[in-house]
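Reminder, nothing fancy here: chain letters follow the sequence lines and each chain counts from 1. None of the values given here were measured: they were computed from a predicted structure.
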There are 2 protein chains.
Amino acid sequence: MLDHFFRPNSIAVIGAAREEHKVGHSVLKNILQYGFQGRIYPINPKADSILGLKAYPSVKSVEDSVELAVLVLPSQLTLEVIDECAQKGIYSAVIISGGFKESGVDGAAREKELLSKIKRYGMRVIGPNCLGVINTHHCLNATFAASSPPKGDIAFFSQSGALCTAILDWAQRERIGFSKFVSMGNIVDISEVDLLEALEEDPETRVILGYIEGIKDGRAFMEVASRVTKKKAVVITKAGGSAAGARAASSHTGSLAGSDKAFSAAFLQAGVLRARTLEELFDLARAFSYQEVLRGPGVAIITNAGGPGIIASDAVEYAGLRMSSFTKETVDGLRGGLPPFANLYNPVDILGDAKSERYRYAMEGVIKDENVHAILVILTPQAMTDMDETARAVGEISARAKRKAVVASFMGGPLAERGAEVLSQYKVPNYPFPERAISVLSAMYRQRQWVERPVEEPKLFKGDKVAVREVFRQCLERGYSTLAEGEAREVISAYGFSVPRSILVNSKESAIKVAEEIGYPVVLKVASPDILHKSDIGGVRVGIRNSSDVVQAFEEILEKARRRMPDALVHGVFVQEMVRGGKEVILGATLDPQFGPLLMFGLGGIYVEVLKDVSFRVAPITQRDAREMLGEIRAYPLLKGARGESPVDLEAIVEGLQRLSQLVTDFPQVLELDINPLSVLPKGKGAVAIDARINISPG
Amino acid sequence: MLDHFFRPNSIAVIGAAREEHKVGHSVLKNILQYGFQGRIYPINPKADSILGLKAYPSVKSVEDSVELAVLVLPSQLTLEVIDECAQKGIYSAVIISGGFKESGVDGAAREKELLSKIKRYGMRVIGPNCLGVINTHHCLNATFAASSPPKGDIAFFSQSGALCTAILDWAQRERIGFSKFVSMGNIVDISEVDLLEALEEDPETRVILGYIEGIKDGRAFMEVASRVTKKKAVVITKAGGSAAGARAASSHTGSLAGSDKAFSAAFLQAGVLRARTLEELFDLARAFSYQEVLRGPGVAIITNAGGPGIIASDAVEYAGLRMSSFTKETVDGLRGGLPPFANLYNPVDILGDAKSERYRYAMEGVIKDENVHAILVILTPQAMTDMDETARAVGEISARAKRKAVVASFMGGPLAERGAEVLSQYKVPNYPFPERAISVLSAMYRQRQWVERPVEEPKLFKGDKVAVREVFRQCLERGYSTLAEGEAREVISAYGFSVPRSILVNSKESAIKVAEEIGYPVVLKVASPDILHKSDIGGVRVGIRNSSDVVQAFEEILEKARRRMPDALVHGVFVQEMVRGGKEVILGATLDPQFGPLLMFGLGGIYVEVLKDVSFRVAPITQRDAREMLGEIRAYPLLKGARGESPVDLEAIVEGLQRLSQLVTDFPQVLELDINPLSVLPKGKGAVAIDARINISPG
């Protein structure tokens, strides 16, 4: 896919320039110098030849067919040339030209025109306003960057062109090789989703890195990403997560930030590793490019320095990995060949005077241990250290260790650098500080768990769509988009939620009658679509135990409603079954602009409002997702029955979340839906949705 | 202080060796090569001369006086030579020799002997088992390290010698200069506390870095550190915080890990910046060495790349800093000289084709803004970037900007490196990723706040020491170290805590009488020093409202105690005033092995037990510390009155924490003291300590 971009046999550089300071010159020069093997056509009406190549006045004047056009032109001219390209039969274009959306209102209009043109022609476009495209395995560098990356198996796509240039420069020093390199610019057409799809089966790419500020089609992204991540690690930095960052992002590429929580949830559900910093992005790239697998959480540390060994042990625990405990055979084996004061237990301290042979001995000793899934080799340069030999020893053992990961932290400056260089020849990722090496192992383990985890489809529950659609229709017909209490109850009932029995009454007499029918104690509540916060105005009375209290409550509630909200439409009073003995949780859903319905779970009251102890997932969710949502909140032990309390019906919550997920997936017009509280009864007894609030799109 | 270590005029290298592979050779060579200006005496009975210097058979045979001895000998010989040193009048020794505590039981015995010798002689010792000592400003390198650091103003002390060698190597590449460099080894004598004191007034040191695994005397450390940190930034990495790390540390140098929470609290209270990773340690070192102050939280970002600008904006917000909002003058000024598509608001995007002049213009524009306290300059290398010129522009403006901090993130590889080199000449700290630059600014701001914060002494409350001492005495006399309920109440009452009225009764009749005297409702509780968890055996009844309930409760409680704990000594039943309308919090204290009494605060019940929502401080605390303890817990809004509840008496908690602090400071024999719950009444109404548990040292 996107073959004409990555493996064109002919390129027209439209706007190629003779003048060295011009971008159109740099692009042509890069294509030439990087050794592109196909035909190259510089297009420039004012030049005869550029950089030794014959120049053409226009694409139409090129005698042969052309597969890829690279445009380096003012934006207005770009629009005209697009027509010519189509006429010439070129349906793939990299538009480096700026002057579109990023440059204000006029530019945005031009970008709109560009979009409509390429749609009409069926043309695929990368850009505009981008650095260009590189495919190291096709000797293609169609960018104006000052450096080119070494060949390798890391693909990178970026919404920031300037970041690309920094990374190209950085890749040089770090000996990190790239396969494809795509600056996506304003993304008028080809986006991160297209690129993920194109890279999915690309044999030259093992790891996919991305830098993004926003995602146009969150659902498509999740769908494609969850497939690709099963085959290759996908590591993405998403910027603009803070309020300050979101403001900056929207003024940068005009991308809509969306909720950062939605991004985190979506990445998690799609198996995308989210790098929290750029440094982490590249730390992970190196590891996934170099190393195979991490089959378990057990880490062994071998070090010639006690302090860094301790630091790394701390990091193992903080990262949720485990310090392997060695078998007796391993310890005995180590004892046989290490000096008397060496520490034979994990972290294995082979002492400051360790040379390559001792490193080799220790590594061979621990790598056989079944409790060891990864080895971190730490080295601090000592006077007696044989740096190159040691690095080679580590590299050789790593190369033979097919089922174990080996990472290194050779610490220091120029001396350590020499070791790192040798290590990289053996594809052992090296990090200057041990904490970073451990953080990488933790991501490698998460990736492994993701790959091994069976794909699960969302369960399908019975839901009465017709009934819900009818409630929504009536609601909008009457001109409101916040459902009344009874309506909300009807909607969630239609998707299988238990709700308390609740009957609307208009007189004291029927209130008593209904209360007796339901059985005391009961709850009385004002019934009004206009009164949202019923408790606040005294519109709710709970625990009513006899008929005289019913009468009193009935009168008081209506009186208060009249007095506090004189303009509210009041339908009467609900007499409601009172649910007791439940623990209150909240199930919520909001509509995220990029990912659609976003589900939330938390314990009721202060847990959500004060402690912000909540978890999120993008709908639709599987049963496993629902279970994870429960487990992620800090207060989870309270549900399981901490402090001698009996556990609540966890399965009822798990099911409730899935039912809610199905409801909001079926009805994307739901802007907000809160079941608050869902009263969860003891294990096996289910849960009752006491109250619900639903907002739908008025459009 | 420690002048003979840092500025000796003569050194004896005892164990100097001719053989190049020996440590005793490396040390002498380093001293010579680093250009030491004083007299050097190699001591070796088997050599005539070493490295061109006349060798002496023993220190005693040296004709002149010697100020510093550096010992590189087997451990047994070290012990003998120490005597000779004392006889020769040398009272300062760096013992590089290993074979002491780190090497097992025999070594530990030798270390003990060493300690008793140096105490006897009044000798000061660095080591044993260390790398040695460097003072770049005295041309002194008495180590066996392979590299030496550039001259600078950063002092470093370390409990890990191997880490030192890595840092020396690293300092070379990073152009980071050091003043003093001390490997402390096993710390038989000179410790981090001595070094902090010695460095406090050292004119050659601006920043103090440390790597530690444990602290011998936590109180002394806090006392000295809180003084030093007011003058210089002190940044320390403390390893061994996790369980795995603590195990590794204890097998490494035998240092006692202590509670990591105590370390964090102690560092905070002493103004020590705790670096969470080694990378952060050096990131901070560079900033504090290079830059002056950060007078406020306002950060301006100037960038030629949108993406990294957004990433940095995110980081500003996450770090608790603030993106400066510019004044109208600033924005107008920027508009006057920046290209039309530049972003004039923060982050200022001066676009990819920015050259040095545009950087200069933008920096000069924002640096005048009163809302700007720090500038982060981001650069990604573009084709048109004039790297050296730009770095110089940034450097020049930084050098002139006396009251504003300037940090940089020139991103990339070799190109960026060139810029970084120029920046370092101008003392602008550069970080390869913008997130690290922001994290550094945040630490600089914390340091500034610490320095400006007035010193506050703990308030003194009235406490009846005599009464407490008497309770403890009686307790131990009777052979138990967990106080009975009444005793615990007596102790905390003596330090001013209100406790509920509570009277011990032995008959139903007196129970009724007392209950009526106290006033209903009352609480009845079994009185027994042997029953710790009274509620669990049914030994507590609350909310008793009349005499017949008193009788019933009295009988039931005694009956249950007899049945469930037949061997318990039961003194009778407490009839207790029932405190209502309070919010329950916990005030606790435990004895930390390194820092002494450690105070804890949290909300009662699940908040502590399930959510672990607690804060810590080392006693004694000031009023400000106590207030901070309240503010640090996530549930703090509940105390202030979230969700329409009325606020509790915060001042009563603040005072309670201080009283508790004074109590455990006065009585270091208290191993554990929990006031659980302290029932805090509404604002202005105080708090009542409902229950307390106290454990004292049996010895």
Side-chain angles (χ1 to χ4, degrees), chain A residues 26 103 144 146 159-160 162-163 165-166 169-170 172-173 211 213 239-245 248-249 251-252 277-279 304-311 313-314 316-318 323 341 343 347 352 380-383 411-416 433 435 606 609-611 634-635 637-638 642-643, chain B residues 26 103 144 146 159-160 162-163 165-166 169-170 172-173 211 213 239-245 248-249 251-252 277-279 304-311 313-314 316-318 323 341 343 347 352 380-383 411-416 433 435 606 609-611 634-635 637-638 642-643:
Chain A
S26 305
S103 69
F144 60 96
Q159 282 179 23
S160 163
L163 186 62
T165 65
D169 190 28
W170 171 88
Q172 295 249 319
R173 192 189 60 195
Y211 165 81
E213 292 165 11
S242 71
S251 88
H252 179 220
T277 63
L278 289 174
E279 187 164 81
N304 72 344
I310 297 165
I311 289 173
S313 305
D314 281 336
V316 165
E317 189 165 309
Y318 298 147
M323 290 292 282
F341 299 149
N343 184 30
T380 56
Q382 307 292 336
M411 302 172 68
L415 294 172
F433 295 100
E435 299 97 330
I606 53 143
E609 290 174 33
V610 177
L611 303 176
R634 290 190 302 270
L638 295 181
R643 292 164 39 96
Chain B
S26 306
S103 69
F144 59 96
Q159 282 179 23
S160 163
L163 186 62
T165 65
D169 190 30
W170 172 88
Q172 295 250 317
R173 192 188 61 196
Y211 165 81
E213 292 164 13
S242 71
S251 88
H252 179 221
T277 63
L278 289 174
E279 187 164 82
N304 72 344
I310 296 165
I311 289 173
S313 304
D314 281 337
V316 166
E317 189 165 309
Y318 298 147
M323 291 292 283
F341 300 148
N343 184 30
T380 57
Q382 308 291 337
M411 302 171 69
L415 293 172
F433 296 100
E435 299 97 330
I606 53 143
E609 291 175 31
V610 177
L611 303 176
R634 290 190 302 270
L638 296 181
R643 293 164 37 97

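Residue contact with chain B, scored on non-hydrogen atoms closer than 4.5 Å, involves the side chain of A:Glu435 exclusively.
Residue B:Leu611 holds its CG atom at 6.5 Å from CG of A:Leu611, rounded to the nearest 0.5 Å. In this structure, A:Leu163 CG and B:Ile311 CD1 are separated by 6.0 Å, a value rounded to the nearest 0.5 Å.
B:Met411 has its side chain out of reach of A:Asp169: every pair of non-hydrogen atoms, C-beta onward, lies at least 4.5 Å apart.
Looking at residues two or more places apart in sequence or on another chain, you find a side chain to side chain contact (heavy atoms under 4.5 Å, CB included) between B:Ser26 and B:Phe144.
Most heavy-atom pairs under 4.5 Å with chain A: of the set B:Gln382, B:Gln172, B:Arg173, B:Glu317, this distinction falls to B:Glu317. Put simply, of B:Ala162, B:Ser242, B:Ala635, the one with the most heavy-atom pairs under 4.5 Å next to chain A is B:Ser242. Among A:Pro637, A:Ala146, A:Ala243, the residue making the largest number of heavy-atom pairs under 4.5 Å with chain B is A:Ala243. If you tally non-hydrogen atom pairs under 4.5 Å between each of B:Ala416, B:Ser103, B:Pro308, B:Gly309 and chain A, the highest count goes to B:Ser103.
Checking side-chain atoms of B:Asp314 against main-chain N and O of A:Gly241 turns up a donor-acceptor pair under 3.5 Å. With hydrogens and angles ignored, the 3.5 Å screen pairs no side-chain donor or acceptor of B:Ser313 with any backbone N or O of A:Ala244.
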